[in-house]
Amino acid sequence: MIQRVLQTLKNSFFPRKCQACRHFFHLEPGNTTGKKSVSTLVHDPIENSFYRVMASTLCPSCITDFSPVTPPFCTQCGRKFDNRSVTNHQCGDCIQNKIVCQKIRSTGSYNGALKSVIHGLKYKNKVQLSRPLGRLLFLSFMKYYDIETIDTIIPIPLHISRLKQRGFNQALLLLKEWPDLFAEMHSDRFAQIDFKNLVRYRKTISQTGLGKEKRKQNVKNAFAVTDTTEIVGKHILLVDDVFTTGSTCQECAKTLIKNGAKNVSVLTLARAN
Ligand SMILES: [Zn+2]
Ligand SMILES: [Zn+2]
């Protein structure tokens, strides 16, 4: 009781800054400020999870500017279909085996509040945003994947020069809390997070602003596996912040499969198409 009163007083005197519009706002009384255990949120629809996990990060107006990836979409690559009256099915590219990844899923569309917070994390050095975003990504993982079927989770690697420039790999930061979240789920089996065996050994220019073909060429043969024993026979989940054309994920998946991976799937926070 006293704690609740103190929290309410704290919220009244110390407003928070919205990470999308930069305006100050007060937390609603009784708001759990995103600290709620993820185990209580795993069965929530993604939209509700977004509201609850991001409540202390976004103001009440910005928080509603979120678009979850909703059906109908391709059962394999996750691409949304324009015709909203169809049901989920495999798209033409996947039927023709143009997509190497077994399953691709994202939390939300790359727009609105989600885009703002990803930008804040990546380009404005707001590493504290990786915590709620990492939890949100974990909830998407629990929604779309069977915890028993993924052996290893690999964040899409940055080239060493980009890593030095930015100071962190945002994909790896998103996974930082995952071992604790797996433990919270009391799962007997949880995927290993491996950030060492897939490397981006060729420096590539930023994919931003490049068309689909240029993006493909830009990342061609850019990745390598350092220890194949960690890869052979595994179902690997690649993790990144944004899925745009999929060129980077495709190239990583090809490299992993060439080195013996059984399957490669992908999970990102946002999807641009
Ligand atoms: Zn706002
Ligand atoms: Zn598809």
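Predicted model only: the values in this text are computed from it and were never measured. Numbers here simply count residues along the sequence, with the first being 1. Indexing begins at 1, ligand by ligand and atom by atom, following the structure's order.
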Does Lys103 make a cation-pi contact with Tyr145 (under 6.0 Å, within 45 degrees of the axis)? yes
State, to the nearest 10 degrees, the angle whose vertex is the Zn ion (ligand 2) and whose arms point to SG of Cys91 and SG of Cys77. 110°
Contacts satisfying ring pair (Phe, Tyr, Trp, His ring centres under 6.0 Å) that involve residues 191-243 (not counting sequence neighbours) are none
Contacts of Lys122 meeting salt bridge (Lys or Arg N to Asp or Glu O under 4.0 Å) (sequence neighbours excluded), chain-then-number -> Asp241
Protein N, O or S atoms at less than 2.8 Å from the Zn ion (ligand 1), how many? 4
All pairs passing side-chain hydrogen bond (donor to acceptor under 3.5 Å, both in side chains) where residues 149-158 contributes a residue, at least two apart: Asp151-Arg189
When you measure from the centre of the six-membered ring of Phe73, is the NZ or CZ of Lys80 under 6.0 Å away and within 45° of the axis? no
When you look at CG of Asp82, are more than 12 heavy atoms from neighbouring residues, nucleotides or ligands closer to it than 6.0 Å? no
Taking the Zn ion (ligand 2) as the vertex, how big is the angle to SG in Cys94 and SG in Cys74, rounded to 10°? 110°
Here the pair of heavy atoms bringing Cys74 nearest to Gln90 is SG-CA, 3.8 Å
